Amino acid sequence: MGKRITAIRGMNDILPSQSVAWRHLEDTVRNLLTGYGYGEIRLPIVEYTELFKRSIGEVTDIVEKEMYTFEDRNGESLTLRPEGTAGCVRAGEEQGLLYNQVQRLWYAGPMFRYEKPQKGRYRQFHQIGVETFGMVGPDIDAELIVLTAQLWAALGISELVRLQLNSLGTSAERARYRTDLVAWLEQHREQLDEDSQRRLTSNPLRILDSKDPATQAILDQAPSLADYLEDESRTHFDGLKAMLDAAGVRYEINPRLVRGLDYYGKTVFEWVTTALGAQGTVCAGGRYDGLVEQLGGRATPAVGFAMGVERLVLLLETCDKVAHLNLQPHAYFIVSEGLEAQSLAMAGRLRAALPGLRLTMHCGGGKFKKQVKKADESGARVALILGENEAASGELAIKYMREDRPQETITEAAVVERLLALMQG
RNA sequence: GUGAGCGUAGCUCAAUCGGUAGAGCCCCGGAUUGUGAUUCCGGUGGUCGUGGGUUCGAUUCCCAUCGCUCACCCCA
């Protein structure tokens, strides 16, 4: 007996019972984005490794230890995308979508990071990403956030998520702040947790979102990034806040919110929940005005965000927002031995007459009683019965499984009428 | 990468202070040969995660290993 082949660690099968929720989420997002004038872009899952190194940042954890990188047959280093923005920018630039233009794009699909799996964190996970290009003002930042807020409302999870907001300023402002922050933290180096001490040289801003209480206590006294923002950054941030206020979107300013990818500047935001354990960020993004240029294009302002599909599905499940999604068949066709061909032909006519009809054929034989039970278990509203009696009279029996209503034996045309009424009700 | 908890039937879980395992659900058949509740009867199904050690004997004790889960970390 051969060794059993399993799925790769952290890469999950999405079963039919779960995919209903996935589709509900995807459909809702797609409709919303279409309504806002966003176009879907479909991107490769594999890109040159260099793309991610140059965009995400060489010293980030993602690039340093989480990428699925391999050589293809001619020796080039390729990487399974760990996030979507880099590929989207690459495509936009390569296809001439960005120069002197305004773009609103979205994409969906799997991302890959070599991390230890836990709740809400997987090695293959799925994001729906939204990226916009060519717009400098805070109005587009606000549009993106309002759009997400509306999405939570549409999904019925508004009360489970909170919006955290911050401005990282320009890279010059951040650089000045970084210097002062490091100088200040150096004085308290001993009290910092181990990871934060290491970040003092590699990525000091990430110290801000350390979970270590001692480190946080020290940060309470540390210089604040907000004080380093100059007019333009501050005006941008104030403008965004004013628009969110006007739109009725509630937010919390979190001066410690930094984000893990290097390309962010000015606006950053995160929608977080406490309902999911340690992985509480459900949607996050920000402005990355420098990235396009950094990847070789003309300087182009850009803002975007990505949401984690698994996490949102978990949220939908925890608050039971998916139970009502009804994909059960309208009808279950009970077939008698010897009448299979006739039944199939009739089912075909019903399907043709009723687009959208969900009709399950009973296949594989079995006793009448068993088939009725299967019809019940399928969740079908009615069972259609073609047995010898019905076949003899050229009719079909319709049995109502969910309501107190007598079974009828009627013509095929009448069955179409009944099913139509049922589908519309 | 670090830590903790857990791996027994398809699923959810028992049990054995070491004497080779049991229930519920599911599935199949019957009571009920064309009508889904419930009930009753019967049946299928386990290399007790894997490898090694101790032992007359290991699912049980020990070691290792793999897997899962959660947390650290990281992030969607």
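Values below: all heavy atoms of this structure, side chains included; hydrogens, waters and symmetry mates excluded. Keep in mind that what you see is a predicted model, and the values were worked out from it rather than measured. The chains referred to below are lettered A, B, ... by the order of the sequence lines, with proteins before strands, and numbering in each begins at 1.
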Problem - Rounded C1' spacing from B:C48 to B:U59 in Å - result: 4 Å
Check your understanding: If you take atom types as modelled and just measure distance, does the side chain of A:E64 reach the base of B:G1 with a donor-acceptor pair under 3.5 Å?
Key -> no
**Prompt:** When you check the phosphate oxygens OP1 and OP2 of B:G30, does a side-chain N or O of A:K367 lie under 4.0 Å from one of them?
**Reply:** yes
| said: Between B:C73 and A:R206, counting only base atoms on the nucleotide and side-chain atoms on the residue, is there a donor-acceptor pair under 3.5 Å? | reply: no
From the candidates B:G34, B:C75, B:G1, the one with an atom nearest any side-chain atom of A:R113 is B:C75
Checking B:G34, B:A71, B:C75 against the side chain of A:E390 (C-beta onward), the nearest is B:G34
Under-3.5 Å donor-acceptor pair between A:Q407 side chain and B:U35 base:
yes
Judged by nearest nucleotide, the residue sitting upstream toward the 5' end of RNA chain B, A:V372 or A:K116, is A:K116
On RNA chain B, more 5' by nearest nucleotide between A:E270 and A:R121 is A:R121
* Distance test, side-chain N/O of A:K211 to OP1/OP2 of B:C72, below 4.0 Å -> yes
Query raised in the report: How would you label the contact of A:A375 with the nucleic acid (heavy atoms, under 4.0 Å): base, sugar-phosphate, or nothing?
Result: nothing
Rounded to whole angstrom, note down the C1' distance from B:G45 over to B:G24. 15 Å
Tell me whether the side-chain N or O atoms of A:R9 pair up with the base of B:C66 as donor and acceptor below 3.5 Å, since no angle test is needed here. no
| Ignoring hydrogens and angles, are the base of B:U35 and the side chain of A:K399 linked by a donor-acceptor pair under 3.5 Å? | yes
Exercise for the section: Please state the C1' separation for the pair B:U20 and B:G57 - nearest whole angstrom. Expected result: 9 Å
Testing B:G34, B:C75, B:A71 for proximity to the side chain of A:Q118, the answer is B:A71
